[in-house]
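When reading the values below, keep in mind they use all heavy atoms of this one structure, side chains included, and skip hydrogens, waters and symmetry mates. Keep in mind that this is a model prediction, so the values were computed, not measured. The chain is numbered in sequence order, starting from 1.
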Amino acid sequence: MDNPYVTSLFLKECKLENYEGVLGFENLNHLQVDSAMGFSQVDYSKLTNLKELALVAQRVEDYKFFFQKTSHLKDLSLQCCNLQNSDTRYLAYYMKDIECLNLYGTYVDDISFLKKLDKLEAVTLPLGVSDLDVLYEMPYLQSIDFDAYTELFVDEELTQFFDDNEIFYPYYDRNIREKVDNIVAGMNITEQMTDEEKILEVTETMLKIMTCEDVPAYTFEGTTLDICVNHGVGVCHDFSTIEYTLLKCVGIDAYLINGWALDYYGNPPLAHAWNEVCIDGEWYGIEPMWIDIEINDPSDVEFRESLWAIWYMKPTKTDDIYAWPENGDYTGSEDKIFALSHVTMNDPMDTVGQSGPAVEDKYTVEFLDDDGTVILSGEYEFGTSAADITPEDPSKDRDSQYTYEFSGWEPEVTDVEEDATYMATYNKITNEYKIRFVNEDGTELSSVEYPYGTAASDIVRPAVPAKDATDKYTYTFEECDKEITDVTGEATYKTVFKASPRIGVYYLNSITGDGKGEDIVITIGRDVDNEHAVDYLESINSDGRKLTVGEQCEVRSGSVVITLKKAYLDTLDEGKHKLEIKFKDGPEVSLEYTVKHLPKENVGTNKAASVPSTGERISGTTFAGASCIILAVSVVVLTGAWRKKQAFPDFSLKVRRKGKK
């Protein structure tokens, strides 16, 4: 069968032995399979140039593999096929690129799947469709065809939609609904009638309307239902159309069968149409045209009996072939009114009634959190859209290190076609924490946010302002109140200062007394906390010998007031003497003073004009060894002086004297 030049192939009523041979037509563009067997096994996906495929009287169930593999197909025709409602999910899922779909004579009562065919431009609706709202949701629709019962539901609003969107639709009598309603109203149908009685009344009415006549299709303009109602002529398909329409209008579950019939002699099947009706869940066949042929006179008294025996029988069916017996007790005898066998592929008997069989292809779909916790689990039919199964975005509690932001499902959620498990994924956003440094009084020195895990060494320490010294203490920054650690949360660090006793700066404030019969008073001042300067006094040394307070000298507060007693001064030799005053918190104060004894001739006199000699008395008192003391103050050497903000400069001892200069 290899022939690269064949672009179109029509296979009818044949059985393919070597179906792989079809693949030899590598440039095949159009393929029609009509009542043929074996072609469902062909891997059409290898025919990459195939754009149009027509299946006539085939089981769509057998072609599911095809739907899954031929995304390149643009035009699909399923005429008189056995298309179960559950099979439409394959069309909706795998044939999204289809531009033209023909469902003529194929049993589908729910066409909502059409809105999922995103690129559909032209569609021929199947029989029995009454809900046409889906047509409003097909943005690319350019052409539509319908027949029989469906056109009764094409109202003015829908035709206006067709006109506004320049959608081509077949010419039909816009008053057809009213005319059909009038026919129904003229029938003798009551609520008390059984289904069998209603069916018989419909059939009698059909016989009054229709006459069997093979009229060329181009003779009349309009749809099949138009021709039946307005002209009353036609063949099997026309008879079945009006029968089907009237049955539906009176509430009988019916269907128009397109198939093939063997003639009396069992010759190859001829194209044929008839009806089936459902009563109590059982389907029965009706032959409208052949009833008309056999019953020439509806007024014949034997009409009902003959009619009943012929059309209202339950067929004996094997696979897709069933025989019509001459009466309800089919025995297999050759004596039949109709020696016929029917072959069909769009038979509601194969779909267990109008609603189709229960869908068995269900799949388990689970949605898990990233720790394996089940968020949602359920069973869904094949083809259920991803949007209809996907739960709301989950959330995940933050921990100390991360804040979690949902980023999607792994793998990406798709329409249901098998068992699937989806795992939630999250973006991890590293948390940041505020690290504060405050002074000891709570004043904020810095506040910076750092990512979790920032090393302690990378945390920037702010400059710490100096703490003002008090009279007693100076302060130096030592550390924070706790160890600075890696960032794992918010933290506040408080500065800690080390207090050190303040080093005083001492200086000579004044010297009083001239040594002539009186004490020498020396006042030492302190630059801070002067009132308590005496508390810091450690010792007083004269010429290297420690003076005893109370005997040789006296000390009192108010700065440091040191009184060198006259009695002590009298014991000193003439000349210079060194006085050292030591303090606990500062350098010692050193000074020199000179002692001169008074002349003796002045001893015992009170004359200020004369200078007494040693041993003379002053004011009646012998001043043996009395001295006139001249103090020469040396420079006070200060070491380690406390500095406020910057070091104090060295001070020289300042001498302040009261009295005569």
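Side-chain contact check for N49 versus N29: every heavy-atom pair is 4.5 Å or farther apart. Inter-residue side-chain proximity for F162 and V154 is flagged as met; some heavy-atom pair is nearer than 4.5 Å. Residues C249 and V180 have side chains in contact (heavy-atom distance under 4.5 Å, counting atoms from C-beta outward). At a threshold of 4.5 Å between non-hydrogen side-chain atoms, the residues D226 and I176 count as touching. The side-chain heavy atoms of L207 and I209, taken from C-beta on, include no pair separated by under 4.5 Å.
In this structure a side-chain-to-backbone donor-acceptor pair under 3.5 Å is present from D238 to V235. N102 places a side-chain N or O within donor-acceptor distance of the main-chain N or O of Y104, the cut-off being under 3.5 Å. Here the side chain of D181 pairs no donor or acceptor atom with the backbone of E178 at under 3.5 angstrom. Of the possible donor and acceptor atoms, one in the side chain of D419 sits under 3.5 Å from a partner among the backbone N and O of T364. Distance alone, capped at 3.5 Å, is enough to place a donor-acceptor pair between the E201 side chain and the N188 backbone. Of the possible polar contacts, one joining the E197 side chain to the T194 backbone as a donor-acceptor pair under 3.5 Å is found.
For an aromatic pair to be called close, the ring centres must be under 6.0 Å apart, and Y363 with Y380 fails this.
Applying the side-chain hydrogen bond (donor to acceptor under 3.5 Å, both in side chains) rule to D415 yields the partners K96; only residues at least two apart in sequence or on another chain are considered. Shown here are the salt bridge (Lys or Arg N to Asp or Glu O under 4.0 Å) partners of D173, two or more places apart in sequence or in another chain: K179. Not counting sequence neighbours, the partners of S385 by the side-chain hydrogen bond (donor to acceptor under 3.5 Å, both in side chains) test are D388. The side-chain contact (heavy atoms from CB on, under 4.5 Å) search around T150 returns L125, V129, L132, F146, not counting sequence neighbours. The side-chain hydrogen bond (donor to acceptor under 3.5 Å, both in side chains) test applied to R174 returns Y169, not counting sequence neighbours. Here Y422 pairs with nothing under the side-chain hydrogen bond (donor to acceptor under 3.5 Å, both in side chains) rule; sequence neighbours left out.
Pairing each heavy atom of C212 with each of F239, the nearest pair is N-CZ, 3.4 Å. Nearest heavy-atom pair, I389 versus L376, reported as atom, atom and distance to 0.1 Å: O-CD2, 3.6 Å. Closest of all the heavy-atom pairs between K115 and M138 is CA-CG, 4.5 Å. Taking all atoms of both residues into account, the shortest heavy-atom contact from C100 to L120 is N-CD1, 3.9 Å. The two atoms that bring K119 and D97 nearest to each other are NZ-OD1, 3.3 Å, heavy atoms only. When all heavy atoms of Y244 and L256 are compared, the closest pair comes out as CD1-N, 3.8 Å.
Here the CD atom belonging to E99 is positioned 9.0 Å from the CD atom belonging to Q142, to the nearest 0.5 angstrom. Expressed to the nearest 0.5 Å, how far OG1 of T7 lies from NE2 of H30 amounts to 9.5 Å. Atoms CE and CD, on M289 and E243 in that order, are 13.0 Å from each other to the nearest 0.5 Å. To the nearest 0.5 Å, atom CZ of residue F161 and atom CG of residue D155 are 12.0 Å apart. Rounding to the nearest 0.5 Å places CD1 of I144 at 4.0 Å from CG of L135. Taken from OG1 in T159 to CD in E157, the straight-line distance is 9.0 Å, to the nearest 0.5 Å.
Partner of I252 under the side chain to side chain contact (heavy atoms under 4.5 Å, CB included) criterion, chosen from L246, V277, N275: V277. Considering N182, N175, I183 as possible partners of V229, the one that fulfils the side chain to side chain contact (heavy atoms under 4.5 Å, CB included) test is I183.
Within a 6.0 Å radius of OH in Y140, no more than 12 heavy atoms belonging to other residues, nucleotides or ligands are found.
Side-chain contact of S143 with E121: a donor-acceptor pair under 3.5 Å is absent, judged by distance alone.
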With side chain to side chain contact (heavy atoms under 4.5 Å, CB included) as the test, would you mind laying out the steps for V233 and M210 before giving the verdict? CA-CA 5 Å; V233 296; M210 296 296 295; 5.8 Å; no
Are K198 and E196 close enough, and set up right, to give a side chain to side chain contact (heavy atoms under 4.5 Å, CB included), and what steps lead you there? CA-CA 5 Å; K198 291 179 181 179; E196 291 89 338; over 6 Å; no
Steps toward side chain to side chain contact (heavy atoms under 4.5 Å, CB included) verdict (D75, I98): CA-CA 6 Å; D75 190 325; I98 285 290; over 6 Å; no
Is there a side chain to side chain contact (heavy atoms under 4.5 Å, CB included) between L114 and L101 once you walk through the steps? CA-CA 9 Å; L114 293 177; L101 178 64; 3.8 Å; yes
